[in-house]
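First up is the structure itself, then whatever we jot down about it.
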Amino acid sequence: MLSEVDVFISNYTLVDPEIYQLWVDGHSSNDAVSILHQRGICQQTDAPLELVASDILDHYRTYALLEKLLHTPTKLVSEQLAFQIEPQTSQMLIEMYYEFDDVVIRELLGKKITSKSRKDMDEVAEKTGVTLKSCRRQYDNVKRVFKVVEDLPGSLAANIKQHFLLSDDLAKRYAVVVFIACLRFEMNKRKLQFLTFPDLYHCANSMMTSWTYRCVGSDYFDTDLDREFLQELSECRVLLENDKHHKHLSDTRNWMQPA
């Protein structure tokens, strides 16, 4: 009996950003074929659909093999010999793999990073419209980054950038997620539900900049809040407890002021 075998031999590992993005987003190879077919890939390449499907499947196999290395980006860049990848391609692979959706991460904030939370990803996928596979990838990435940097002194963003080779912007976004997780802020309260991840990013980043011991030296932790400042801050609680009274006084003073 004769059997057909698809063989692909190459020196450098070829990465198609469009196919890789579909893989990162959690689409199956069959879904990727359908999506690219709808985008007119056959007309653009003048190739039959069967050849396109075979090429996409080969890409998917390569990305599946690369995934273990993506869990430790430094190994992908400098320690492995199985794949010959150009530096700019390696950076693209890492950045796209660790990118996350704000709506998915917002659902994770306030929850303990445990295996139980990972089981809840089907609910997150249904609520956000993001594929289940992508939600799990994003959860696993957050857990992985958290475990590596939670006990390291210094800047969270700098540590994340050093160990995971992420861009400045993405490292800062992960730093905020780790900061909120370490301090166990309760983000699931009804009063906070309207806040989006960009809102929380702004608040947490300001706290990391102004409320922690950053000025002490290299041994500081981004998650160490200034205790003296927090004690002084607690004195403002009386303003919250009597907010209606203070608002009334403020409105009264404004009304009594001459025009």
Take Lys143 and Arg118 through the side chain to side chain contact (heavy atoms under 4.5 Å, CB included) test and state the conclusion after the steps. CA-CA 10 Å; Lys143 184 178 180 180; Arg118 194 179 193 276; over 6 Å; no
Please walk me through it: do Tyr139 and Lys111 pass side chain to side chain contact (heavy atoms under 4.5 Å, CB included)? CA-CA 11 Å; Tyr139 171 84; Lys111 296 181 179 180; over 6 Å; no
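Remark: side-chain polar atoms of Arg137 are paired, donor with acceptor, to backbone N or O of Tyr97 under 3.5 angstrom. In this structure a side-chain-to-backbone donor-acceptor pair under 3.5 Å is missing from Thr13 to Ile85. Counting only distance, with no hydrogens or angles, the side chain of Glu86 and the backbone of Tyr12 share no donor-acceptor pair below 3.5 Å. Using a distance-only test at 3.5 Å, with no hydrogens or angles considered, no donor-acceptor pair links the side chain of Gln21 to the main chain of Met96. Although no hydrogens or angles enter the test, the distance criterion places no donor-acceptor pair under 3.5 Å between the side chain of Arg184 and the main chain of Lys112. Looking at Gln80, its side chain does come within 3.5 Å of a backbone N or O of Leu76 through a donor-acceptor pair. The main-chain N or O of Lys75 is never found under 3.5 Å from a side-chain atom of Thr72 such that the two would form a donor-acceptor pair.
Annotation: side chain of Tyr98 is in contact with side chain of Pro73 (closest heavy-atom distance under 4.5 Å). Counting only heavy atoms from C-beta outward, the side chains of Thr196 and Arg106 never approach each other to under 4.5 Å. Looking at heavy atoms from C-beta onward, Gln138 lies in side-chain contact with Val130 at the 4.5 angstrom threshold. Using a 4.5 Å heavy-atom threshold, the side chains of Leu200 and Leu109 count as touching. When side chains are defined from C-beta on, Val52 does not count as touching His37, because their heavy atoms never get closer than 4.5 Å. When side chains are defined from C-beta on, Phe164 does not count as touching Leu170, because their heavy atoms never get closer than 4.5 Å. Residues Ser134 and Val104 are not in side-chain contact: their nearest non-hydrogen atoms beyond the backbone lie 4.5 Å or more apart. Within the 4.5 Å cutoff, no side-chain heavy atoms of Phe179 are placed close to those of Asn205.
No chain of hydrophobic side-chain contacts below 4.5 Å, direct or via other Ile, Leu, Val, Met, Phe, Trp or Tyr residues, connects Leu51 to Ile19. Leu57 and Leu49 end up in different hydrophobic clusters when Ile, Leu, Val, Met, Phe, Trp and Tyr side chains are linked at under 4.5 Å.
Scanning all heavy atoms of the two residues, the minimum distance from Lys189 to Glu186 falls at CE-OE1, 2.9 Å. Taking all atoms of both residues into account, the shortest heavy-atom contact from Leu165 to Gln91 is O-NE2, 3.0 Å. In terms of heavy atoms, Leu22 sits closest to Ala32 at CD1-CB, 3.9 Å. Here the shortest heavy-atom pairing between Ala171 and Ala157 reads CB-O, 3.6 Å. Between Cys135 and Met121 the shortest heavy-atom distance is O-SD, 3.7 Å. Among all heavy-atom pairs drawn from Gln193 and Asn188, the shortest one is NE2-O, 3.0 Å.
Side chains of Ser34 and Asp31: a donor-acceptor N/O pair is absent below 3.5 angstrom, by distance only.
When each of Leu166, Thr74, Leu69 is tested with Ile94 by the rule side-chain contact (heavy atoms from CB on, under 4.5 Å), just one qualifies, namely Leu166.
A distance of 13.0 Å separates CE in Met208 from SG in Cys203, rounded to the nearest 0.5 Å. Rounding to the nearest 0.5 Å places CG of Leu108 at 11.0 Å from CD1 of Ile180. Going from atom OH of Tyr60 over to atom CG of Leu65 covers 14.5 Å, rounded to the nearest 0.5 Å. With values rounded to the nearest 0.5 angstrom, His202 atom NE2 is found 11.5 Å from Leu195 atom CG. If you take NZ on Lys172 and CD1 on Ile160, they are separated by 12.0 Å, rounding to the nearest 0.5 Å. A distance of 9.0 Å separates CG in Leu66 from OG in Ser90, rounded to the nearest 0.5 Å.
Ring-plane geometry between Trp23 and Tyr63 is classed as tilted, the angle between the planes lying from 30 to 60 degrees on a 0 to 90 degree scale. Aromatic ring orientation, Phe100 versus Tyr174: perpendicular (interplanar angle above 60°, classes split at 30° and 60°).
Annotation for Glu79: atom CD counts as buried by contact number, over 12 foreign heavy atoms lying within 6.0 Å. No more than 12 heavy atoms of other residues, nucleotides or ligands sit less than 6.0 Å from atom CD of Glu126.
At a threshold of 4.0 Å, the pair Glu99-Arg173 counts as salt-bridged, since one of the basic side-chain nitrogens sits closer than that to a carboxylate oxygen.
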